[in-house]
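One structure below.
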Amino acid sequence: MKKSNNYGKKKNNDKRGRDNRVSNFSSERRKPEYAKVNGGVFVYSKPLSVTDLSQAINIPTPEIIKFLFMQGQAVTINQMLDDDTIGLICLQFGYDFKKEEVVDKAHFEELVIEDDEKHLKERPPVVTIMGHVDHGKTTLIDAIRNSRIVDTEAGAITQEIGAYQKEVGGKKITFIDTPGHAAFTAMRARGASVTDIVILVVAADDGVMPQTIEAIDHAKAAGVPIIVAVNKIDAPGANPHKVIEQLMAHDVIAEEYGGDIMVQEISAKKNINIKDLLEMVILKAEMLELKANPSRFAIGTVLEAELDKGVGPKATLLVQNGTLNFGDYVVVGEHYGKIRRMTNEFGANLKSAGPSSPVSVIGLSAVPSAGDRFMAFPTEKEAREVSEARMLEKQKAARSGSAAMSLSDLNNLVTAGKVKDFNIMVKADTDGSAQALKANLEKMSTEQVKIHVLSATAGAISDNDILLATASNAVIFGFNIRPDSRVRALAQENGVEIHLHNIIYELLDEMEASLKGMEVVEKVEKVMGEAEIRHIWKMAHVGTIGGSYVRSGSIKAKSKVRLIRDGVIIYDGTLGSLKRYKDDASEVREGYECGLTIAGYNDIKEGDIVEAYALVEAE
C-alpha cells in the first residue's frame with residue numbers, strides 16, 4: 001500500500017449504514033499501478049525491467065537500450081534496473097522521478113499516514129509516569145486519578161483499566177499506568193511508541209537514584225520529552241534545588257538553567273501543585289502540536305490484555321489515530337475479531353473512541369500481547385486475510401531468528417561505506433569505569449558512524465538492560481562483570497549482542513576494529529557452565545571448598561573460571577579441584593552437585609557464581 005495520501009470511501013455493512021471514515025490504505029491496492037507518469041513526474045514503487053519502464057514512460061525499448069549502451073551499460077529488455085539507472089533514464093527523456101515506498105496490509109504497523117492538514121484535529125497527549133521506587137509515583141497516579149473521580153463522578157467507582165483521562169481547563173490528558181520503565185521499554189521493543197510525554201518523579205528528600213537514571217535513559221532512548229516532578233517538597237530534609245543540580249549531571253537541564261526541561265515542585269501526598277503539573281503537561285502538548293485524523297479507521301496499540309473467564313479475550317487498546325467504533329473488524333497483532341463491547345476506564349459502554357482514547361474491548365479471537373499494534377478494517381474478509389498473513393509471517397520470523405544489530409553488522413556497514421548510527425550500552429563494575437568507557441567510545445565517532453552511548457552504569461547486566469538494548473537496537477559492552485545464565489538466555493532470545501572484557505584497551509580495540517571495517521575478533525569466549533556456591537567449608541592444606549550446584553552447562557576439571565558476586569567479577573583463574581562426593585570428577589553436568597576449589601583463591605562466599613569458560617574460534 002502506498003504511504004501517500006490516497007483516500008477511498010468505504011462502506012460498512014452493519015446497521016450504522018454508510019461509514020464516512022477513510023481506510024488507512026489506498027483503494028488502489030486491488031489494482032496496483034506501481035509505475036506511472038503523473039504531471040511530468042514518473043512515480044514508481046517497485047523494481048522495474050527495461051520493458052516495464054519503456055511502457056510506463058512511453059519510450060521505445062530500443063531507445064532506452066541504446067542510451068544505456070552509450071553510457072557503458074549493456075542491458076537486455078528483461079533486465080531489472082536499479083534506482084540510479086531509472087533516474088538517469090527519466091532525466092534523459094524529460095521526466096522527473098520519484099520512488100514511493102510500499103507497505104503491505106500485513107505490515108500495517110509500518111504505515112506512515114500522511115493526512116491532509118484540513119482533516120487533522122488536536123488530540124490529547126499520552127503521558128507515562130516513571131521514577132525510582134518510593135519516590136511517590138504511585139501516590140501521584142492516585143492523586144491524579146482520585147481528582148478525576150471526585151470532580152466528575154458520584155460515589156465509589158472502581159478503575160477498570162490501567163489507563164485513564166484527566167480534564168484540565170477543558171483539555172484532556174491520557175495517562176497510562178505502567179509498572180515502570182521496564183514495561184515502557186518492553187512495549188517499545190515490540191515497536192509500540194505510545195507515549196508523548198514522560199513525567200519523571202524524583203523525591204526532594206532523596207534525590208536522583210539508580211532507577212531515576214534508568215528512567216532517564218529509557219525516555220531519552222525513546223526520544224520522548226521529559227517533565228520533572230520534584231515530589232515530597234513537604235518532607236523533612238527536602239532540597240528541590242539539589243535534585244535539579246543532580247539531574248544536570250545526566251543532561252536533564254531545567255529551563256531556569258538554560259535547558260528545555262520543565263520542572264514542577266509538588267507534594268502528591270498533600271495534593272500540592274498537582275494542577276500546576278497538569279497545566280504544564282497541557283502546555284508541553286501544545287508545543288508538540290499533537291494532532292490526528294478522527295475521520296479514518298482506527299490504528300493503535302495494545303496496552304494490556306488478559307483472558308477473562310466470563311467474556312473471553314479482553315484487551316485495553318489505545319487509539320492513536322482514527323476512530324474505533326462498536327462493531328468494527330480489527331486485526332490485533334496476528335489475531336482478528338469484531339468489537340462486541342467497548343468500555344472506558346469506569347466500565348461505561350462506548351459507541352466510538354477517538355484518538356488518544358484508552359478503551360477496553362472484547363470480541364477478539366485470542367489474547368494479544370502488550371505492545372501489539374492493531375488496526376480496524378472495513379470488512380471481516382479483509383481483517384481475516386490480514387490476520388492470516390501476519391500469522392504466517394510470525395511463524396517464519398520465529399524459524400529464522402532475530403536480526404538485531406551486532407558488531408559484525410557495523411563492520412559490514414563501514415566496509416560498504418554506509419552512514420549509520422550505532423547504539424551502545426555500557427555496564428561496568430564501578431561508575432568510574434563506566435563513565436570512562438562512555439567518554440572513550442563516544443570519541444570514536446567518525447563521519448561514517450555516529451556512536452551513541454545510551455547508558456553507562458555500574459552493576460550487573462539486568463533484564464531491563466536487555467529490554468532497552470532490544471528496543472534501541474543496541475550492543476552491550478560489559479567491563480569486569482558477567483551476566484548470569486538467565487540474562488544470557490534472554491539476550492539470545494532477543495538477539496542482543498553482549499561483549500565482555502576485563503581490560504579497557506581490549507574493549508576499545510574491538511570497537512575501533514569494527515569502525516575500521518576490520519575483522520572484529522578471531523577468538524571469543526564461550527561460557528561452558530555455571531555453578532552456584534551453596535555451602536562453604538575450610539580444610540587444612542586444601543583451602544576453602546565450595547559446595548556447589550551446577551545451574552547450566554557443565555563444569556570440567558582444570559577449567560578457566562571466574563568467581564562472580566552480584567554480577568561483578570571478583571577473581572579470574574583456574575579451577576583447583578572438582579569432586580563428586582569424595583571422588584575426583586573430570587566433569588559435573590547441569591543439575592548435579594559438586595565440591596570445588598579455585599587455585600590460589602579462598603575468598604569464596606555462599607551465593608557466589610563460578611563460571612567456567614573457554615576461548616574458541618569465532619564462528
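Just the heavy atoms: all of them, side chains too, but no hydrogens, waters or symmetry mates, feed the values below. Only a predicted model underlies this, so the values are computations on that prediction, with no experimental measurement involved.
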Specify the closest pair of heavy atoms between [X] and [Y], including all atoms of both residues, with the distance to one decimal.
{"X": "A460", "Y": "D465", "answer": "O-OD2, 3.7 Å"}
{"X": "P483", "Y": "E611", "answer": "O-OE2, 4.2 Å"}
{"X": "M130", "Y": "K137", "answer": "CA-CD, 3.6 Å"}
{"X": "A204", "Y": "V243", "answer": "CA-CG2, 3.9 Å"}
{"X": "I555", "Y": "A612", "answer": "CD1-CB, 3.8 Å"}
{"X": "D429", "Y": "S433", "answer": "OD1-OG, 3.7 Å"}

Quick one, [X] and [Y] - any side-chain contact, counting heavy atoms below 4.5 Å?
{"X": "I504", "Y": "L437", "value": "yes"}
{"X": "I564", "Y": "E530", "value": "no"}
{"X": "Q320", "Y": "V194", "value": "yes"}
{"X": "I176", "Y": "P358", "value": "no"}

Tell me if a side-chain donor or acceptor on [X] pairs with a main-chain N or O of [Y] at a distance below 3.5 Å.
{"X": "R551", "Y": "E590", "answer": "no"}
{"X": "Q246", "Y": "V208", "answer": "yes"}
{"X": "S445", "Y": "I451", "answer": "yes"}
{"X": "R482", "Y": "V568", "answer": "no"}

Residues forming a ring-ring contact (aromatic ring centres under 6.0 Å, His included) with F374, sequence neighbours excluded = none
query = Residues in ring-ring contact (aromatic ring centres under 6.0 Å, His included) with F479, at least two apart?
reply = none
Should we say atom [atom1] of [X] is surrounded by more than 12 heavy atoms from elsewhere, each under 6.0 Å from it?
{"X": "D308", "atom1": "CG", "result": "yes"}
{"X": "K220", "atom1": "NZ", "result": "yes"}
{"X": "H250", "atom1": "NE2", "result": "yes"}
{"X": "R589", "atom1": "CZ", "result": "no"}

Rounded to the nearest 0.5 Å, what separation is found between the [atom1] atom of [X] and the [atom2] atom of [Y]?
{"X": "N602", "Y": "I536", "atom1": "CG", "atom2": "CD1", "answer": "10.5 Å"}
{"X": "R390", "Y": "E334", "atom1": "CZ", "atom2": "CD", "answer": "7.5 Å"}
{"X": "I244", "Y": "I261", "atom1": "CD1", "atom2": "CD1", "answer": "11.5 Å"}
{"X": "Q435", "Y": "T430", "atom1": "CD", "atom2": "OG1", "answer": "9.5 Å"}
{"X": "D484", "Y": "S462", "atom1": "CG", "atom2": "OG", "answer": "10.0 Å"}
{"X": "T195", "Y": "I129", "atom1": "OG1", "atom2": "CD1", "answer": "11.0 Å"}

query = Parallel, tilted or perpendicular: which fits the ring planes of F175 and Y164, with parallel below 30° and perpendicular above 60°?
reply =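 Rings of F175 and Y164: parallel, as their planes differ by under 30°.
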inquiry  = Set out, in order, the CA-CA distance, both residues' side-chain angles and the distance that settles side-chain hydrogen bond (donor to acceptor under 3.5 Å, both in side chains) for S472 and N423, then state yes or no.
reply    = CA-CA 7 Å; S472 308; N423 293 333; 5.2 Å; no
task = Please test I199 against L140 for side-chain contact (heavy atoms from CB on, under 4.5 Å), starting from the C-alpha separation and ending with a verdict.
result = CA-CA 10 Å; I199 294 179; L140 176 58; 4.3 Å; yes
Trace of the side-chain hydrogen bond (donor to acceptor under 3.5 Å, both in side chains) decision for T139 with D142 = CA-CA 5 Å; T139 308; D142 288 342; 5.8 Å; no
task = Take K556 and S586 through the test side-chain hydrogen bond (donor to acceptor under 3.5 Å, both in side chains) and record every step on the way to the result.
result = CA-CA 6 Å; K556 293 183 178 180; S586 59; over 6 Å; no
task = Please determine, by modelled atom types, if N231 and H135 share a side-chain donor-acceptor pair under 3.5 angstrom.
result =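 No.
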task = State whether a side-chain donor-acceptor pair under 3.5 Å links E214 with H218.
result = no
task = Could you note down all residue pairs passing side chain to side chain donor-acceptor pair (under 3.5 Å) where residues 557-571 supplies at least one of them, sequence neighbours left out?
result = E525-R562, R562-D572, R565-D608
ask   = Between D463 and V487, does a side-chain contact (heavy atoms from CB on, under 4.5 Å) hold up when you go through it step by step?
value = CA-CA 6 Å; D463 294 1; V487 170; 3.8 Å; yes
inquiry  = Show, in sequence, the C-alpha distance, side-chain angles and deciding distance for H335 and D372, and conclude whether the side-chain contact (heavy atoms from CB on, under 4.5 Å) test is met.
reply    = CA-CA 10 Å; H335 310 295; D372 279 350; 5.5 Å; no
inquiry  = Applying side-chain contact (heavy atoms from CB on, under 4.5 Å) to Q264 and V228, what does each step give before you reach the verdict?
reply    = CA-CA 6 Å; Q264 179 63 58; V228 176; over 6 Å; no
